[in-house]
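First comes the structure, then the notes that go with it.
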Amino acid sequence: MTERKRTPWVVGVSGASGTPYAAAVLRGLLAAGESVDLVVSRASRLTLLDETGIAFRDAHWREDLGEWLERGADGKPASFARPDLAGVRHWGAGDLAAGPSSGSYPVKGMLIVPASTACVAGVALGLSKDLLQRVASVTLKERRRLVVCVRETPLNGQTLKHLVALDEAGAVVLPASPAFYAGATHIQDLVDFVAGRVLDAAGVPHRLYRRWEGELGGAVARKGELGGAVARKGELGGAVARKGELGGSRPPGASGG
């Protein structure tokens, strides 16, 4: 019997704020039975440390990834069961000889979540300054699906031009912009909506949010089913309490590539 060839999705995590979006996308891919090749940029490791307290180390990536995927969007540990990571392969951010750096390496496409403006510029201009940007360039030239989940506001004119260039090159530009018609009652619901839209763009099935069914009032009706925001705040931990633990806001300009 011939073994099915592994054809993963490449997930690139850049330095923009929004590491919970990446975690939700990774959980969704693994839940759908997809294989994943993971590229975590150097800048994103600073963001991950600031937003979760987790230091992502190349030599211990599996342990650190497992801890990351267990955390909820509010930073509380053990909010999710640790997924099976057997289908995940990690590539170092500076490894330009990595498998996905070549068009002959079989992948389904690439999801950049979140995408910083520095990452957007690098991909739009074809700089390939690190593995994440190189894989994105390869994805475009091979006409594979590239989803760029940009997380920045406001956007200046140059960034808007870069996003238009990516759209014209065939990428899906998907701002990290949550909607409220799905009946969100907690920050995790908002994160899951964006993650779900990323998976939608990739054609990966999921159940991360309630889809619009053409009926007004659905969000209000669903609040009771999804759990009250007040009740869940005590269970999942508040952002105010976490500021002291994790060191507060990230300094301006920390969201690199």
Side-chain angles (χ1 to χ4, degrees), residues 9 11 13 16-34 51-52 69-76 79-81 83 108-117 120 145-157 159-160 163-164 166-168 170-242:
W9 284 97
V11 175
V13 186
S17 176
T19 55
Y21 291 126
V25 167
L26 287 165
R27 284 192 296 264
L29 288 170
L30 295 175
E34 298 285 347
E51 293 183 346
T52 69
L69 297 187
E70 286 180 343
R71 288 184 184 257
D74 61 352
K76 183 181 178 184
S79 295
F80 295 92
K108 292 182 178 179
M110 183 180 192
L111 315 175
I112 305 179
V113 188
S116 67
T117 54
V120 166
R145 179 58 55 96
L146 175 63
V147 181
V148 180
C149 183
V150 61
R151 213 302 308 158
E152 186 58 270
T153 190
L155 298 172
N156 63 31
T159 297
L160 291 170
L163 292 173
V164 170
L166 289 177
D167 176 77
E168 291 175 344
V172 176
V173 176
L174 196 154
S177 178
F180 295 85
Y181 61 75
T185 61
H186 186 265
I187 186 174
Q188 188 65 57
D189 300 322
L190 299 176
V191 167
D192 284 348
F193 180 88
V194 172
R197 295 300 288 151
V198 171
L199 296 176
D200 287 344
V204 176
H206 66 86
R207 299 181 63 183
L208 288 177
Y209 67 87
R210 183 184 72 88
R211 297 184 182 278
W212 177 252
E213 297 175 346
E215 297 179 7
L216 295 176
V220 175
R222 288 278 292 174
K223 286 188 182 295
E225 301 174 24
L226 297 175
V230 174
R232 295 189 66 188
K233 280 183 180 176
E235 300 171 16
L236 298 178
V240 174
R242 291 185 63 241

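- For Ala23, the side-chain contact (heavy atoms from CB on, under 4.5 Å) partners two or more places apart in sequence, or in a different chain, are Arg27, Trp68, Leu69.
- Gly28 and Leu199 get closest at one heavy-atom pair: CA-CD1, 3.9 Å.
- Considering only heavy atoms from C-beta on, Gln188 stays 4.5 Å or farther from Asp74 through its side chain.
- Side-chain contact between Leu155 and Leu163 is present, with heavy atoms from C-beta onward closer than 4.5 Å.
- With a 4.5 Å cut-off on side-chain heavy atoms, Asp189 and His186 count as touching.
- The closest side-chain heavy-atom distance from Val150 to Pro114 is not below 4.5 Å.
- Here SG of Cys149 is found 11.5 Å from CZ of Arg197. Values are rounded to the nearest 0.5 Å.
- Evaluation of the side-chain contact (heavy atoms from CB on, under 4.5 Å) rule for Glu34 yields Trp9, Leu29, Ala32, Lys108, Val204 as partners, not counting sequence neighbours.
- Contact detail for Leu208 and Gly196: the closest heavy-atom pair is CD1-N, 3.7 Å.
- Minimum heavy-atom separation, Val148 to Ala115: CG1-CB, 3.6 Å.
- The CG atom of Leu174 lies 9.0 Å from the CG atom of Asp200; values are rounded to the nearest 0.5 Å.
- With Glu51 contributing its side chain and Gly18 its backbone, the two residues share a donor-acceptor pair below 3.5 Å.
- Taking each heavy atom of Ala202 and Leu111 in turn, the nearest pair found is CB-CD2, 3.9 Å.
- Rounded to the nearest 0.5 Å, atoms OH (Tyr21) and CG (Asp192) are 10.5 Å apart.
- Atom-to-atom distance recorded for Asp167:CG and Leu146:CG is 11.0 Å, nearest 0.5 angstrom.
- Note on ring orientation: taking the six-membered ring where Trp is involved, the planes of Phe193 and Tyr209 are tilted (angle from 30° to 60°).
- Looking only at distances, a side-chain donor or acceptor of Arg210 sits under 3.5 Å from a matching main-chain atom of Tyr181.
- Under the 4.5 Å side-chain criterion, counting only non-hydrogen atoms from C-beta, Arg151 is not in contact with Val113.
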